[in-house]
Structures are given as C-alpha cells and as structure tokens.
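By convention in this document, chain letters (A, B, ...) are assigned in the order of the sequence lines, proteins followed by strands, and residues within each chain are numbered from 1. Hydrogens, waters and symmetry mates are skipped; everything else that's a heavy atom, side chains included, is used.
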Amino acid sequence: MAMPTPQAPSLLLRGLHKTFAEVVAVNGLDLEVTPGECFGLLGPNGAGKTTTIEICEGLTTPDSGDVELLGLNWRTNAEELRQRIGLQLQETQLSEKLTVEETLRLFRSFFRRGITVEDSIKTAQLEEKRSARVGTLSGGQKQRLAMACALVGDPELLFLDEPTTGLDPQARRNLWDLLDRLKQEGRTIILTTHYMDEAERLCDRVAIMDHGRIIALDTPPRLIASVGGEHIVEFAATSHNKGANGAAAVDPALLTAIEGVESHRLTAGTHQLSVRELHTAVPKIFSVLASQGLHLDEFRTHSATLEDVFVALTGRNLRDE
Amino acid sequence: MNKLELNSLYQLTMMRFLLFLREPEAIFWIFIFPILLAAGLGIAFRNRPPEVLQVGATTLQLTQALNADKGLTSTTIDEATGTQALATGRILLLAVQRPDTTVYQYDSTNPDARTAKLLADRAIQTAAGRHDTLPTKEELVHETGSRYIDFVVPGLLGMNLMGSAMWGMGFAIVDARQKKLLKRLVASPMPRWQYLASFLLSRLVMLVIEVAAFLGFARLVFGVPFRGSIAQLALLCILTSLAFSALGLLTASRAKTIEAVSGLMNFVMFPMWIFSGVFFSSTRFPAVVQPLIRALPLTAAIDAMRGNMLQGMTLQQLLAPVAILLAWLVIPFAISLRIFRWR
Ligand SMILES: Nc1ncnc2c1ncn2[C@@H]1O[C@H](COP(=O)(O)OP(=O)(O)OP(=O)(O)O)[C@@H](O)[C@H]1O
Ligand SMILES: [Mg+2]
C-alpha cells in the first residue's frame, strides 16, 4: 500500500458549510486527520455527520470551504481520489439478485489496483456466503459485504458511515476486530457512529458534532476527563409521603453541595451526578437522601463515558431525538 | 483473475445480464408474451375457407333456388319462425315469397348478411331464368403478405422493442437510484458512461434473442414474409431498440421512485400504443394529426419494419422513418446525459 507523504494530512477540512433548503447541515467545520489515524465523528441524529462525510467523499459539494484528501482535491483529482479511497454509505442496498462474489467482482473491476476478490471475501469472513444472493444475507452479513466493497481497492483512506448500526453485539465486535486489523495495516479510517463505546474502543481521536459544528475534539480519555468527575452516579428516589406523581423532589443544591460532586442533572426522573471519588461521595449522597426522608428505588454507578461528555456539553442525551 | 474479469464495462454488462436472467417475470414479458400474442392474433384472424352462409326461405321452391349456390345453405321455414331466426342470428337472410314479389329480410349493416343478399338474389334470379351477359372467370389468390397476421407482426415487433427497452432501462435505473446503489456506484471509480453503456450493450445482445425468437416463430408458424434485406431489418431493430433505450433513459433520468417512473413510462408509451398503428393502420386517424403520429418513434419503427418485411423496401426508401428514429435516439440521450440524477 502506497503511503501518503508524511507531511500531508489524510484529510483536511477548512470552513465547511452546507445548507439544504433551510436546514444548516454543516455549519463551519474545520478538521485535520493525520495518516494512520482512526477518527470518529460522533453525534445525535441530524448532527451533520453524513453530510460531512459525503462532502469528504466527493458526493456532496459544500456551499463553501475547502476539502483536501491525501493532499488532493475533488475539483482537479477526482479520478485519482476515487481510486485511492474506500467507503461505505449509511444506506446502500446492493443488488439483491447478485451473489456476494459477483458483487465484489463488479466493484473490484472499477479499481486499477487492489486486493483479489478472494481476499476481500476472506477479510469480510463471507467465505460460506460467497455464492449466496445478496438478498438472502443477514443484516450483519450485508454490512460486512458493504465493508468488503469498500476494501477491494486497497484504499489508504477509508470512510465508514455508521458501520455497525443495526448489528447485534457479537457482529459489532467482529467488525471492530476487522477495523483493528485495518488500522494496524496503517490505513486512515474516518467513521461516524452513535455508539460511544464504539468510539472509545476504536478511535484515536473523536469529534463530537451537534447542529453541524464540532463541539469537542480530543482523544476519548481526555474528553472524558474534561467532564470533571470520572464517575457517574445515577439514582431515582421516592418520598415516603409520596407526591402526586410518586417521584420525590430533591433539592439539587443539596446534592451539588456534597464534596466531590461536580454536577447534577435530572432526566426522566433519574438523577445523574458526576463524581470525582466514589468511595467518599456515595456515603454522603446516601445521608443527604436519608435526611430528606427519601427512599432509593434505583442506584447505579458507572465510569464516565463519551455519552456523559455529550450530556455535559449539550444538556441532552445523545439519543434523545 | 484474467483481463476480462477486471474490465469494468464487461462486468457491468454481465451484471445487467445476470439481473435480467434472474427476473423470471421479465423473461415472460419480453420473450414469451409477444409470441403468445402473435399466436393468439394469428389464430383469431386466420384466413378461413369461404364460409357457407345460413339463410332461410318461406317456400320450397325458393330454398331449392338458394341451395343451388355453393355459398348458401337454406332451410324452409314459415315467416314468423324465420323472423325469429333472423333476430337471433341463426340465419343471415330470410327470403319471403309474396304474391307479387320476393322480399329479402336482412341486416344491411352486417357484411355477411349483405354478401348473403347478393348471393341469394343472384341464385333466385338465375333460377328464374336470368343469364350473365358477360362471360367471367374466377382466379382465387391467398397471397402471403396481405393477411392480417403479416400486418400485425411488424407492429408487435415494434411494440415489443419499445416495451423491453423502456422498461429495461427505466426500472433498473430507478430501482438502483431508490436503493442508493447508484450513489454507491458513483462513489467508486466506475466511469459513469460505462454504467449507461452497459445497458445498451446488454440490450443489444438480448435484442438478438428477442427478435430472433419472435420473428422465427412468425415465420415458421404463420409463414410471415421477409421481402426486404434481413441485415437491414436487423439494423432497423437495433436502431429502434436504441432509440427507445434513449427514451427510457430520459424517462428514468430524474425519477426517484418506481411508482413515479411507472407512471411516466405509461404516459410516454400510451399515445404510441394507440396511435402508432400496431394493430391497425395509423392512417385511419384524421389527417390533421397525421404529422404528429408520423413523428412518434413507434410509428416510424413500425412503418420502417412493415416497409422492409412486407414491401421489401430498402433503407434508402425508408429514409424518413430512419431519420425520425435517429432523432429520437440522439435528442433524448443528449438531454438525459445533462439532467441525469446520479444520487
Ligand atoms: N439531501 C438533503 N436534503 C435536505 N436536507 C438534508 C439532506 N441531507 C441531510 N439533510 C438535513 O441535514 C441535517 C444533517 O443530516 P445528516 O444526514 O448529515 O445527519 P447525521 O448526523 O448523519 O444524522 P444520522 O445520525 O441520523 O445519520 C439533517 O437535519 C437533515 O435533515
Ligand atoms: Mg448519518
């Protein structure tokens, strides 16, 4: 695989804007992805991830802004870029009546150089399904086939739009393993996802997008550290003398006053606290609740994730919409 | 992997073939249906031996006179029964003997009844002693090329070429667009012209099978004549198919859903089914609309094929329809290349 020149970033976006009718899909986006990096675009529905990635893929022209891939741009080097990138779209239904092998042979024929159809079948672990019609494949197998189509040209730069959406946990992990291998081979990967755990597991750096902008960009551990507390405490409480709806009112000020509690949020009757040290904070939380005559229905803690980062940044849950 | 396998135009064309062959309904409509239709029409409009016409008469004498004619067979019945038989179509004509004259009761709007009247009158007059004043002689001909089946076969061929080219183009393209397959393909390094060219190439190969099967059937079963050059007929078929492919491409160039393109296709093809003279001559329509009808691609195609097959005309003699077809090939193709929606 030909390596891009070390200085040139694999992807460079400057001041990207794209508006559809009245919807501002991408609103001033700058981004730089270095060669060999696995970069994640994260965000809720409608954040502008697909629009951004399709601008990178040369499928959508931005209203303004610059796009540079592998030191080339779409206006003058489209043909070469198409040969050197691989991609998977958010929604593509390949011809149902072709077999896996026929589909890959077709896609392979578009590339001047690349891996053999045989190897792409192996990479995607579709050996048993090689002569099966695409229409008979399961969702996960279809996704793997789409991945194989992205790989037949042996791309240096790979764009994957929600590669694991709709897969069962096992199939997701298989795909993660495949992506690990692709990373080890030195390819640059740019992917979008709704899953924070996926981004944490796969990506060297993550950009969190909302309303067409990048609202945070860093490595997953540093993003998580930026929330303040490393732990999240979630609980639901009811009063012994219940109110009309059963849920008890807790004065947030009392909670945030506890030493080590960084922030408080209430969503759908569940309180969320971000906490620095669990072992000191939790007993104090219990005593505050007891003093208020409250009864705990649920109590959970987990290590802070990118999800909590998103909540902290936007005040919304990632999958609220 | 060999060279051919790595050739994208070859792969795209092969894909079109495989997709077609795996669509049993399409095979029926394109290969089987036209043959069935030709068979049905051929049987319905076959040239029957001249029929013996059923007539009735009120007297034995009249019946004998009528039966003397080979084309008539008469029964003797009373007038009331005869009128009823006439009304129900069991007889075409009733000859009633009145004191001073012979009366023919028949429906003058029915061609068979009119024939029966002429024959009956001749038979009765002859029996009464009339002589032909001029000697005449009959020479019977059943010429191929003047039968309905000969007329309708080129019409069906043109209609079939139109249908297969338009649907073949329209459905496949819009289906790929709707499923975002088109977008996925243009995101790959596939040359776009090859995608469109693969349709035309696969069409040409399919055309050979389609036309050969249909015309072979028409020739073997009905003895439909081929008076013109077969090579020129093949050229006409190719030109027709390409022109309709271009029209199909244009129809499918923007539509986003199968429903939309189906509606458009029918809208485009409907006037041609009616006006282009598939089943009867398009010259029956009023003279004012004739220029419009002539300009339709199906009219041009059918006129050219009838000219070739039935009249043995050469391409030089068929310049007008050929030019019309060429225009229908070039103009829609050029427009669709400009407005084609690739995603
Ligand atoms: N072709 C289009 N026409 C009109 N609006 C569009 C179009 N494509 C995207 N949009 C709008 O732009 C915004 C961003 O859409 P985009 O598909 O980029 O979001 P996304 O982050 O990929 O969301 P998801 O997670 O649901 O895939 C949305 O509000 C969407 O409705
Ligand atoms: Mg998306």
Hey, does the side chain of B:Arg22 reach the backbone of A:Lys97 with a donor-acceptor pair shorter than 3.5 angstrom?
-> yes
Would you call A:Glu54-B:Lys183 a salt bridge at under 4.0 Å N-O?
-> yes
By a 4.5 Å heavy-atom criterion (distance strictly below it), what part of B:Leu18 contacts chain A: side chain, backbone, both, or neither?
-> side chain
B:Tyr10 atom OH: more than 12 heavy-atom contacts under 6.0 Å | no
Write down the atom of A:Leu59, the atom of B:Arg343, and the distance for their closest heavy-atom approach.
-> O-NH1, 2.8 Å
Closest non-hydrogen atom pair between B:Ser8 and A:Ser109, with its separation | CA-OG, 3.3 Å
Applying a strict 4.5 Å limit to non-hydrogen atoms, the region of A:Arg112 in contact with chain B is neither
Of the non-hydrogen atoms in B:Arg184 and A:Leu87, which two are nearest, and what is the gap between them?
-> NH2-O, 3.0 Å
At a heavy-atom separation under 4.5 Å, does A:Glu118 approach chain B through its side chain, its backbone, both, or neither?
-> neither
Heavy-atom proximity to chain B below 4.5 Å, by part of A:Glu91 | both
Would you confirm whether A:Arg82, through its side chain, and B:Val186, through its main-chain N or O, come within 3.5 Å as a donor-acceptor pair?
-> yes
Would one find more than 12 heavy atoms of other residues, nucleotides or ligands at under 6.0 Å from atom CD of A:Glu127?
-> yes
Does the side-chain contact (heavy atoms from CB on, under 4.5 Å) test come out yes or no for B:Leu6 and A:Phe111, once each step is laid out?
-> CA-CA 8 Å; B:Leu6 283 170; A:Phe111 293 89; over 6 Å; no
For each of B:Met14, B:Met190, B:Gln178, B:Glu23, tally heavy-atom pairs with chain A at distances under 4.5 Å, and name the one with the top tally.
-> B:Met190
